[in-house]
Amino acid sequence: MIAMDVYEKLMAMAKRRGIIYPSYEIYGGEAGFYDYGPIGSMLKNNIENLWRDFYVMRERFMEISTPVITPYRVLKASGHVDKFIDEIATCKKCGASFKVEELKDGKCPLCGGEVERGVLNLMFETSIGAKKQDKAFLRPETAQGIFVNFPLLQHFARKKLPFGVVQIGKGFRNEVSPRQGVLRLREFSMAEAEIFFHPDRKMHPGFDKVKEKRLKLLPEGFEREEIFTLRKAIEKGIIQNEAMAYYIALTHDFLVSIGVDKEKIRFRQHERDELAHYANDCWDAEILMQRFGWVECVGIADRSAYDLKAHMNSTGVNMMLTDESKKVKKKILKPKMDAIGKEFRKNAPMVIEAIKNADYGDDIHVEIDGKKITIDERFYEVEEVEEYEKFIPHVIEPSYGIDRITYAVLEHNYREVEKEGESYVILSLPSKIAPVKAGVFPLVSKDGLPEIAKEIEEMLRENGIMAVYDDKGSIGRRYARMDEIGTPFCITVDYQSKEDGTVTVRYRDTTEQERVKIEELVEWLSEKI
RNA sequence: GCGGGUGUGGUGUAGUUUGGUAACACGAAGCCCUGCCACGGCUUUGCCCCGGGUUCAAAUCCCGGCACCCGCACCA
């Protein structure tokens with residue numbers, strides 16, 4: 001028999017244990033969609049909450065929540081309508097598909113056959129309103145909801161840069177052919193942070209703490225990954241700025257803390273022709289998976305001023321900030337009203353306007369009654385003023401694919417051990433993301449032990465510790481069930497519990513046990529999760 | 001989207017060649033047993049991906065669809 005790979009075993013287990021299901025399965029399923037079951041939902045929530053811990057708590061970013069449905073004009077302005085497409089040509093003769101640019105004289109580059117062209121926009125289209133039918137899309141990223149709120153958000157942040165805004169939510173991409181299970185979904189969860197910087201100051205106060213961190217980097221043009229300290233990567237110009245380096249480090253720490261194997265993480269810089277239409281630099285966190293190789297799970301992109309500029313141009317709403325540290329001297333022209341009025345009479349407003357629109361050093365002309373008249377210094381004075389520089393903030397965006405990361409966590413923590421000739425599955429999840437923190441069992445289902453165990457389970461839940469009571473089957477079977485969903489602790493009530501008020505607590509990964517007093521359980525567990 | 005493969009209880013499989021409506025293991029539920037790692041007994045549950053065709057009769061043959069897997073292409 002051919003051994004199943006981890007993917008197959010994991011997905012079968014995931015279905016059995018309420019982690020991941022194919023969506024709409026009773027209707028035959030729908031490619032590109034998966035459900036999270038009861039255990040999977042808790043796992044995903046825990047991962048998202050830990051992400052909040054990193055980005056909202058520690059980085060002090062602000063979380064917002066904006067609609068999935070996005071009006072046409074927003075995504076037109078952002079470039080998604082025009083750029084988020086695939087122009088595809090399919091050869092009628094040999095069936096091969098190509099990008100339009102790859103065609104030779106409009107023919108198939110392989111066999112020279114006639115091709116059929118098609119344009120695919122990867123966004124799901126919908127409409128708003130029953131009668132008006134305004135065109136709209138399901139968002140392809142959560143980021144735009146943040147950018148369009150920039151004026152309000154920067155006011156809320158009291159104009160201090162840098163500041164970050166995050167959003168966790170669904171994104172939608174109508175993939176041409178979704179494959180690889182939960183790794184390529186049409187509807188997926190993403191956690192994105194948009195961090196706004198002064199263009200010349202992409203720095204982070206935390207950089208010093210992480211600069212000696214050694215990470216596996218695969219910079220553009222490199223054949224294979226190499227280990228660099230972040231300090232060195234910055235010095236060599238491999239990573240463009242400290243902020244980018246800092247978020248690479250933060251991403252690494254986050255992934256490791258939720259249980260991704262740190263040996264299986266690398267950061268790969270996009271090749272220039274691979275960059276998204278909005279990005280001028282991007283580093284992906286890639287995670288090594290047994291079946292799929294290196295998989296992009298996080299993209300950390302420098303979007304420059306692209307998006308804010310796009311929305312500013314499209315709406316006229318000001319997206320610029322003032323740099324109060326940078327004064328620029330500027331000569332401005334002030335019209336001399338009395339001279340202008342006497343000379344030009346009813347044409348005066350036109351002259352005033354022309355002066356206001358001119359820069360120092362320009363020749364100023366107006367046309368009156370078909371005659372071109374030069375406005376000289378009799379009509380204005382030059383004044384030197386100092387004003388602050390204005391700029392459109394730049395954005396660095398760490399964007400996390402939660403589903404891919406969740407799968408990676410499952411795969412990297414899936415362990416099989418031999419137990420009496422049978423294979424035994426343990427999901428060695430870090431306690432803090434484990435869906436269930438404790439299983440609570442009576443050693444035997446009699447003599448009042450179940451009652452004590454039920455009380456303990458209730459006590460744990462009341463104290464915010466997710467616990468599950470189970471008295472079905474043998475004790476070993478109950479341990480096994482909990483091991484498979486990654487429950488770090490199992491509490492067993494035995495006869496000694498009745499005498500001295502202690503229970504055994506079993507560690508998932510070692511199966512070792514220790515006795516803990518029932519009244520100290522909450523504290524004991526809280527410390528360890 | 002193209003080509004190939006696959007689709008049988010919740011899971012993993014046998015049965016498909018040669019047509020006669022399904023079996024095994026594990027699981028799950030109930031009862032009993034049970035003094036710590038998938039114990040045992042009894043009982044129960046539950047499957048031929050969907051639609052059409054051929055046939056007296058289809059899990060089995062044919063056509064179409066869907067899903068999954070592999071390769072090609074695509075993947076901001």
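Just so it is clear, the values below take in all heavy atoms, side chains as well, and ignore hydrogens, waters and symmetry mates. In what follows, chains are A, B, ... by sequence order, proteins preceding strands, each numbered from 1. Fair warning: this is a prediction, and the values are worked out from it, not measured in the lab.
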Exercise. For A:Arg481 and A:Met13, take the nucleotide of RNA chain B holding the closest heavy atom to each; which residue's nucleotide lies nearer the 5' end?
Worked result: A:Met13

For nucleotides 33-35 of chain B, give me every protein contact, N/O to N/O, under 3.5 Å, one pair per line with atom names.
{"from": "B:U34", "atom 1": "OP2", "to": "A:Lys446", "atom 2": "NZ", "distance (Å)": "3.4"}
{"from": "B:U34", "atom 1": "O4", "to": "A:Ser445", "atom 2": "N", "distance (Å)": "3.1"}

Residues [X] and [Y]: side-chain donor-acceptor under 3.5 angstrom:
X: A:Ser497; Y: A:Asp494; result: yes
X: A:Gln180; Y: A:Arg291; result: no
X: A:Lys202; Y: A:His394; result: yes

Exercise. Going by heavy atoms closer than 4.0 Å, what residues in residues 521-529 of chain A are next to RNA chain B?
Worked result: none

For this session: With a 4.0 Å heavy-atom cut-off, tell me which residues in residues 394-407 of chain A come close to RNA chain B, sorted by residue number.
Result: none

Just by modelled atom types, is the [Y] backbone N or O under 3.5 Å from a matching donor or acceptor in the [X] side chain?
X: A:Tyr400; Y: A:Glu48; answer: no
X: A:Ser314; Y: A:His311; answer: no
X: A:Arg478; Y: A:Pro442; answer: yes

Under 3.5 Å on both distances, the Watson-Crick or G-U partner of [N]:
N: B:G9; answer: none
N: B:C2; answer: B:G71
N: B:U54; answer: none
N: B:G40; answer: B:C32
N: B:C47; answer: none
N: B:U21; answer: none
N: B:A59; answer: none

Problem set entry | All pairs passing side-chain hydrogen bond (donor to acceptor under 3.5 Å, both in side chains) where residues 14-29 of chain A contributes a residue, at least two apart | A:Lys15-A:Glu25, A:Arg16-A:Glu484, A:Arg17-A:Glu484, A:Ser23-A:Asp35

Could you tell me the separation between the [atom1] atom of [X] and the [atom2] atom of [N], rounded to a whole number of Å?
X: A:Glu141; N: B:C75; atom1: CD; atom2: P; answer: 16 Å
X: A:Ile39; N: B:G10; atom1: CD1; atom2: C1'; answer: 16 Å
X: A:Asn121; N: B:C75; atom1: CG; atom2: C1'; answer: 14 Å
X: A:Asp470; N: B:A29; atom1: CG; atom2: C1'; answer: 13 Å
X: A:Leu10; N: B:U11; atom1: CG; atom2: P; answer: 15 Å

Work out how far the [atom1] atom of [N] is from that of [M], and round it to whole angstrom.
N: B:U17; M: B:A29; atom1: C1'; answer: 39 Å
N: B:A23; M: B:G46; atom1: C1'; answer: 14 Å
N: B:C47; M: B:C2; atom1: P; answer: 34 Å

Of all the nucleotides listed ([options]), which has the minimum atom distance to the side chain of [X]?
X: A:Tyr479; options: B:A38, B:C37, B:U11; value: B:C37
X: A:Arg16; options: B:A28, B:C37, B:U11; value: B:U11
X: A:Thr511; options: B:U11, B:A28, B:C37; value: B:C37
X: A:Val176; options: B:C75, B:A38, B:G1; value: B:G1

Applying salt bridge (Lys or Arg N to Asp or Glu O under 4.0 Å), can you list everything that pairs with [X], at least two apart in sequence or on another chain?
X: A:Lys170; result: A:Glu187
X: A:Arg139; result: none
X: A:Glu175; result: A:Arg184

Hey, does the side chain of [X] come within less than 4.0 Å of [N]'s phosphate (OP1/OP2), counting only N and O?
X: A:Arg506; N: B:C37; answer: no
X: A:Arg184; N: B:C74; answer: no
X: A:Lys472; N: B:G30; answer: yes

For this session: Could you point out which residue of A:Asp483, A:Thr487, A:Thr492 forms a side chain to side chain donor-acceptor pair (under 3.5 Å) with A:Arg506?
Result: A:Asp483

Exercise. Sequence neighbours excluded, which residues qualify as ring-ring contact (aromatic ring centres under 6.0 Å, His included) partners of A:Phe61?
Worked result: none

Problem set entry | Partners passing ring-ring contact (aromatic ring centres under 6.0 Å, His included) against A:Phe84 (at least two apart in sequence or in another chain) | A:His80

Just checking [X]: base, sugar-phosphate only, or nothing, at a heavy-atom cut-off of under 4.0 Å?
X: A:Glu274; result: sugar-phosphate
X: A:Glu484; result: base
X: A:Tyr27; result: nothing
X: A:Phe441; result: nothing

Interface polar pairs with nucleotides 68-70 of chain B, N/O, under 3.5 angstrom:
{"from": "B:C69", "atom 1": "OP1", "to": "A:Tyr7", "atom 2": "OH", "distance (Å)": "3.0"}
{"from": "B:C69", "atom 1": "O3'", "to": "A:Arg291", "atom 2": "NH2", "distance (Å)": "2.8"}
{"from": "B:C70", "atom 1": "OP1", "to": "A:Arg291", "atom 2": "NE", "distance (Å)": "3.0"}
{"from": "B:C70", "atom 1": "N4", "to": "A:Arg179", "atom 2": "NH2", "distance (Å)": "3.1"}

For this session: Could you pull out all residues at least two apart from A:Arg303 that satisfy side-chain hydrogen bond (donor to acceptor under 3.5 Å, both in side chains)?
Result: A:Glu141, A:Asp307, A:Glu397

Between the protein and nucleotides 49-53 of chain B, list the N/O to N/O atom pairs that are separated by less than 3.5 angstrom.
none

